[in-house]
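Report on one structure; see the data block that follows.
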Amino acid sequence: MSVSFNLATDLDAALKSAALAAGLTDAAAFTPEVRTADPRNGDYQSNGVLGYAKARKLNPRAVADQLVAGLAPEVHERCEVTVAGPGFLNFTLKPAALLAWLRVFDTEEHLRAGAAAAHAGQTWVVDYSSPNTAKQMHVGHLRSAVIGEAICRMLAFTGARVIRDNHLGDWGTQFGKLIYGYKRWADPTALAADPIEELERVYKLGHAATPDDSPELNEARAELVKLQNGDLENFALWKKFSDVSLAAFQQIYDRLGIRFDHNLGESFYNDKLERIYAELGEVKIAEVSDGALVVFHPEHPRFKTQPFIIRKADGASNYGSTDLATALYRAEHFKADGIVVVTDFRQGDHFEQLFLTVKKWFAAKNHRLPELHHVTFGAVTGEDGKALKTRDGGVIKLKALLDEAEERAFAIVNEKSPELSESERREIARFVGIGAVQYADLSQNRSSNYVFSWDKMLALDGNTAPYLLYAVARIHSIFRKLAIVPGDASTDSLASALETPAELALARKLVKLPDTIRLAAETLRPHFLGLYLYELAGEFSAFYAADKVAVDDPAVRARRLLLCARTLVTLETGLHLLGLRTLTRM
RNA sequence: GCACCUGUAGCUCAACUGGAUAGAGCGCCAGACUACGAAUCUGGAGGUUAGGGGUUCGACUCCCUUCAGGUGCACCA
């Protein structure tokens with residue numbers, strides 16, 4: 001009996017065949033709509049009968065009965081099939097089918113191989129993090145980095161070639177003021193100690209020294225013009241700003257497990273903008289309005305009057321220009337099948353206008369159009385519901401936030417596991433602290449605001465990183481105590497049929513991983529995966545409390561160890577997909 | 001003014017994009033370690049899904065409308 005990774009897909013195909021076999025009228029139009037079910041009803045349910053029967057004035061229960069009769073014998077061998085309510089088809093996997101699946105999908109590699117069909121052969125560019133150079137990363141940069149990385153990993157797991165592109169804000173008017181300030185007030189010692197801190201200091205001085213309509217502002221503008229015209233000194237300064245910024249960013253990224261393939265910031269597109277203006281003019285999508293080159297979308301309720309500005313009246317580019325060039329570069333150079341941009345919801349209008357423009361432009365020029373996704377997320381707020389700030393109202397730097405996470409986790413580890421060595425406790429605190437920050441963000445639907453709470457993210461109960469990491473550590477502990485390697489083939493081969501309610505409940509949850517991965521990757525919403533892992537850890541804890549693993553009967557013990565091993569690999573795989581690092585003890 | 005997002009238990013969040021009796025954690029109440037990690041588990045109480053209308057076999061989910069909060073809207077990104 002061959003075992004498919006995604007059992008729901010199998011059932012969907014089997015039901016379509018059954019519709020034909022049963023001779024349903026218009027059988028080709030029947031869509032089974034298979035989905036995971038509430039465990040009380042079964043493992044999977046098919047809801048397609050209701051709509052199908054309704055549209056054709058048939059009795060849905062009679063149609064459901066026909067389908068059940070037409071199902072291939074293998075389906076009945078694997079599942080209990082029942083008709084319920086007005087015409088739901090319920091499928092409950094039999095213990096042997098559960099065990100068969102668990103035997104095949106036993107490692108991260110095998111799970112990956114199973115999941116890889118979804119995006120096989122596709123290239124996806126993910127644009128996330130994207131801070132401005134010469135500035136520190138702050139709490140506002142957290143969500144894009146964390147959510148973006150999780151999305152990258154999920155896409156890669158489902159078979160895509162993923163290109164991580166950090167679209168840095170490394171060009172623009174602020175560099176005139178920065179160079180102006182730098183040339184006057186930069187302190188070499190401070191610069192060596194903490195370059196970004198110093199750049200921020202001299203930028204503030206430069207900004208304060210160049211008020212509107214002042215001769216100083218004209219000097220700052222002149223610095224910018226020199227930079228744009230390729231002046232060697234200013235260009236070297238700008239390059240230095242970028243280099244030290246990237247080095248500082250990487251310190252943060254290392255802590256979050258992020259490594260970009262490219263850092264193609266706005267400056268990269270400077271020499272690619274003329275083509276944009278030319279093509280959009282040529283196909284008559286862009287027009288001049290008040291001196292600026294803009295795009296209107298007459299079919300849109302708002303963008304018919306709200307312009308998408310792609311070149312300013314003074315001839316300078318803006319982020320409309322560079323984002324258009326970016327889309328083209330990703331389509332042409334990377335041959336992207338999909339582009340994902342991860343920014344906060346306030347840029348919704350911009351990307352809606354951008355994507356509308358790209359679709360028309362690519363169609364007119366016959367450029368191949370990738371799928372375009374703007375992945376948005378809400379704000380990070382304090383527990384008062386307002387933007388998260390330091391006590392004195394300042395911006396919270398990302399470095400300080402991660403430091404505090406580790407410190408708070410360290411205090412908890414000291415309390416819970418004083419017997420471990422300090423270096424071990426430090427390492428655990430790093431994994432738990434950073435993981436808590438990442439997971440707090442990923443565990444909830446990204447479209448709403450997220451209330452930042454140390455106590456909640458570091459809690460040991462509930463849908464938190466510590467709870468999940470604890471489940472992982474506890475399973476490792478079982479194998480350590482028994483001196484067995486998780487997933488050991490000789491142990492697995494002894495396993496007898498699953499029997500107890502807790503064993504079956506855990507196994508039924510384990511085989512749902514494919515459905516969860518599909519859902520999370522398709523919707524680009526990592527919280528579906530987080531929720532699944534939390535529920536899985538809960539099922540495991542219930543199983544662990546109900547059924548002793550290290551019993552004398554070798555067959556019972558082997559099957560429970562198999563369940564432990566699969567839970568472990570599923571939790572670890574899932575947490576790694578979210579960007580967390582897991583522990584063997586904590 | 002136009003548009004987008006959000007509104008679910010006291011609090012923080014889910015609900016598989018239209019499916020069956022809306023679920024968790026915290027907090028509250030009552031229980032479980034001379035068994036493998038109690039950083040855990042088992043039970044209980046707690047709901048007019050902001051209000052109102054509509055669509056249909058079925059609505060937290062889609063449409064209309066009102067209310068509340070947030071955000072964006074001509075040359076910052």
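Below, chains carry the letters A, B, ... as their sequence lines are ordered, and counting in each starts from 1.
For the C1' atom pair drawn from B:rA14 and B:rA32, the interatomic distance equals 28 Å after rounding to whole Å. Spacing of P atoms, B:rG54 relative to B:rG47, comes out at 26 Å, to the nearest Å. Using P as the reference atom, B:rG7 and B:rU49 are 14 Å apart when rounded to the nearest Å.
When heavy atoms are screened at a 4.0 angstrom cut-off, A:T464 is found touching no nucleic acid atom at all. Among the heavy atoms of the strands lying under 4.0 Å from A:N90 is at least one base atom, whether or not backbone atoms are also near. As judged by a 4.0 angstrom heavy-atom cut-off over every strand, A:N41 is placed among the base-contacting residues. Counting any heavy atom pair closer than 4.0 Å across all strands shown, A:S447 reaches sugar-phosphate atoms only and no base atom. Across all strands, A:V294 comes closer than 4.0 Å to base atoms (heavy-atom distances). If you check every strand for non-hydrogen atoms under 4.0 Å, A:K481 touches sugar and phosphate atoms only. In this structure, A:T523 reaches the bases: a heavy-atom distance under 4.0 Å links it to at least one base atom across the strands shown. Here A:R560 lies out of heavy-atom contact (under 4.0 Å) with every strand. Among the protein residues, A:D547 comes within range of the nucleic acid bases, having at least one heavy atom under 4.0 Å from a base atom. Residue-level contact check: A:A379 touches neither bases nor backbone, having no heavy atom under 4.0 Å from any strand. Residue contacts shown for A:Y532 are absent, as no nucleic acid heavy atom lies under 4.0 Å away. As judged by a 4.0 angstrom heavy-atom cut-off over every strand, A:A473 is placed among the base-contacting residues.
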Task: Protein proximity profile, nucleotides 41-47 of chain B - base contact B, sugar-phosphate-only contact S, no contact -, cut-off 4.0 Å on heavy atoms - done: SS-----
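Here B:rC33 is in the syn range [glycosidic angle within 90° of 0]. Glycosidic conformation, B:rU17: syn, with the torsion inside 90° of 0.
A:R311 meets the salt bridge (charged side-chain N to carboxylate O under 4.0 Å, His left out) test with no other residue; sequence neighbours excluded. Shown here are the ring-ring contact (aromatic ring centres under 6.0 Å, His included) partners of A:Y269, two or more places apart in sequence or in another chain: A:H167, A:Y329. Listed by chain and residue number, nothing satisfies the side-chain hydrogen bond (donor to acceptor under 3.5 Å, both in side chains) test with A:Y544 (two or more places apart in sequence, or in another chain). Scanning for side-chain hydrogen bond (donor to acceptor under 3.5 Å, both in side chains) contacts around A:T500 gives A:D547, with sequence neighbours left out. With sequence neighbours excluded, the residues forming a ring-ring contact (aromatic ring centres under 6.0 Å, His included) with A:F30 are A:Y52, listed by chain and number. By the side-chain hydrogen bond (donor to acceptor under 3.5 Å, both in side chains) test, A:E572 pairs with A:H476, sequence neighbours left out. The side-chain hydrogen bond (donor to acceptor under 3.5 Å, both in side chains) test applied to A:D127 returns A:S130, A:R330, not counting sequence neighbours.
Atom P of nucleotide B:rC2 and atom CD of A:Q353 are separated by 18 Å, given to the nearest angstrom. Spacing between atom CG of A:L224 and atom P of B:rC76 amounts to 12 Å, rounded to whole angstrom units. Rounded to whole Å, the distance from CG on A:D349 to P on B:rG72 is 10 Å. Here B:rU56 presents its P atom at 19 Å from CG of A:N47, a figure rounded to the nearest Å. Atom-to-atom, CZ of A:R557 to C1' of B:rA35 comes out at 13 Å; the value is rounded to the nearest Å. Rounded to a whole Å, the CZ atom of A:F377 is 15 Å from the C1' atom of B:rG70. The distance between atom CG of A:N318 and atom C1' of B:rA74, rounded to the nearest whole Å, is 10 Å. A:K416 places its NZ atom 16 Å from the P atom of B:rG37, with the value rounded to the nearest Å.
Considering only the side chain of A:A550, B:rC36 comes nearest among B:rC36, B:rU71, B:rU21.
In this structure B:rA24 sits in a base pair with B:rU12, meeting the Watson-Crick or G-U test at under 3.5 Å. B:rA32 is paired with B:rU40 under the Watson-Crick or G-U wobble criterion, all donor-acceptor distances under 3.5 Å. The partner of B:rA45 is absent, by the rule that a Watson-Crick or G-U pair needs both atom distances under 3.5 Å. Across the strands present, B:rC2 finds its partner in B:rG72; the criterion is a Watson-Crick or G-U wobble pair with both atom distances under 3.5 angstrom. Within the shown strands, nothing qualifies as a pairing partner of B:rC60 under the Watson-Crick or G-U definition with both distances less than 3.5 Å.
Judged by ring centres under 5.5 Å apart and planes tilted less than 30 degrees, A:F88 stacks against the six-membered base ring of B:rA20. B:rU40 has no base stacking with the ring of A:Y470 when judged by centroids under 5.5 angstrom apart and an interplanar angle below 30°.
Ion pair A:R302/A:D349 flagged as a salt bridge, since at least one NZ, NE, NH1 or NH2 atom sits closer than 4.0 Å to an Asp/Glu carboxylate oxygen. Salt bridge present: A:K512 and A:D43 bring a charged side-chain N and a carboxylate O closer than 4.0 Å.
Comparing A:D314 and A:V432 by the nucleotide of RNA chain B whose heavy atom lies nearest to each, the residue mapping closer to the 5' end is A:V432. Residue whose closest nucleotide on RNA chain B sits further toward the 5' end, between A:I478 and A:L89: A:L89.
For A:Q353 (side chain) and A:Q306 (main-chain N/O), a donor-acceptor pair under 3.5 Å exists by modelled atom type. Of the possible donor and acceptor atoms, one in the side chain of A:W238 sits under 3.5 Å from a partner among the backbone N and O of A:D170. Side-chain N or O atoms of A:D290 include none that pairs as donor or acceptor with a backbone N or O of A:A292 at under 3.5 Å.
RNA chain B is contacted by A:R302, A:Q306, A:P307 of residues 301-308 of chain A, taking any non-hydrogen atom closer than 4.0 Å.
Distance check, rounded to the nearest 0.5 Å: CG of A:L442 to OH of A:Y450 gives 9.0 Å.
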Polar atoms only, N or O, under 3.5 Å: list the protein pairs with nucleotides 63-68 of chain B and their distances.
none

Please list, for nucleotides 9-16 of chain B, all pairs of protein and nucleotide N/O atoms separated by less than 3.5 Å.
{"from": "B:rA14", "atom 1": "OP1", "to": "A:N445", "atom 2": "N", "distance (Å)": "2.4"}
{"from": "B:rA15", "atom 1": "OP1", "to": "A:H527", "atom 2": "NE2", "distance (Å)": "2.7"}
{"from": "B:rC16", "atom 1": "O2", "to": "A:T36", "atom 2": "OG1", "distance (Å)": "2.4"}
{"from": "B:rC16", "atom 1": "N3", "to": "A:T36", "atom 2": "O", "distance (Å)": "3.3"}
{"from": "B:rC16", "atom 1": "N3", "to": "A:T36", "atom 2": "OG1", "distance (Å)": "2.8"}

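Between A:F452 and A:W454, the angle of the ring planes goes over 60°, which puts this pair in the perpendicular group of the 30/60° scheme.
Sorted by first and then second residue, the salt bridge (charged side-chain N to carboxylate O under 4.0 Å, His left out) pairs involving residues 517-546 of chain A (not counting sequence neighbours) are A:K509-A:E535, A:R518-A:E522.
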TODO: Begin with the C-alpha distance, continue with both residues' side-chain angles, and end with the deciding distance and a verdict on salt bridge (charged side-chain N to carboxylate O under 4.0 Å, His left out) for A:E503 and A:R559.
DONE: CA-CA 9 Å; A:E503 288 170 355; A:R559 76 175 188 241; 3.0 Å; yes
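Between A:F303 and A:F296, the ring centre distance reaches or exceeds 6.0 Å.
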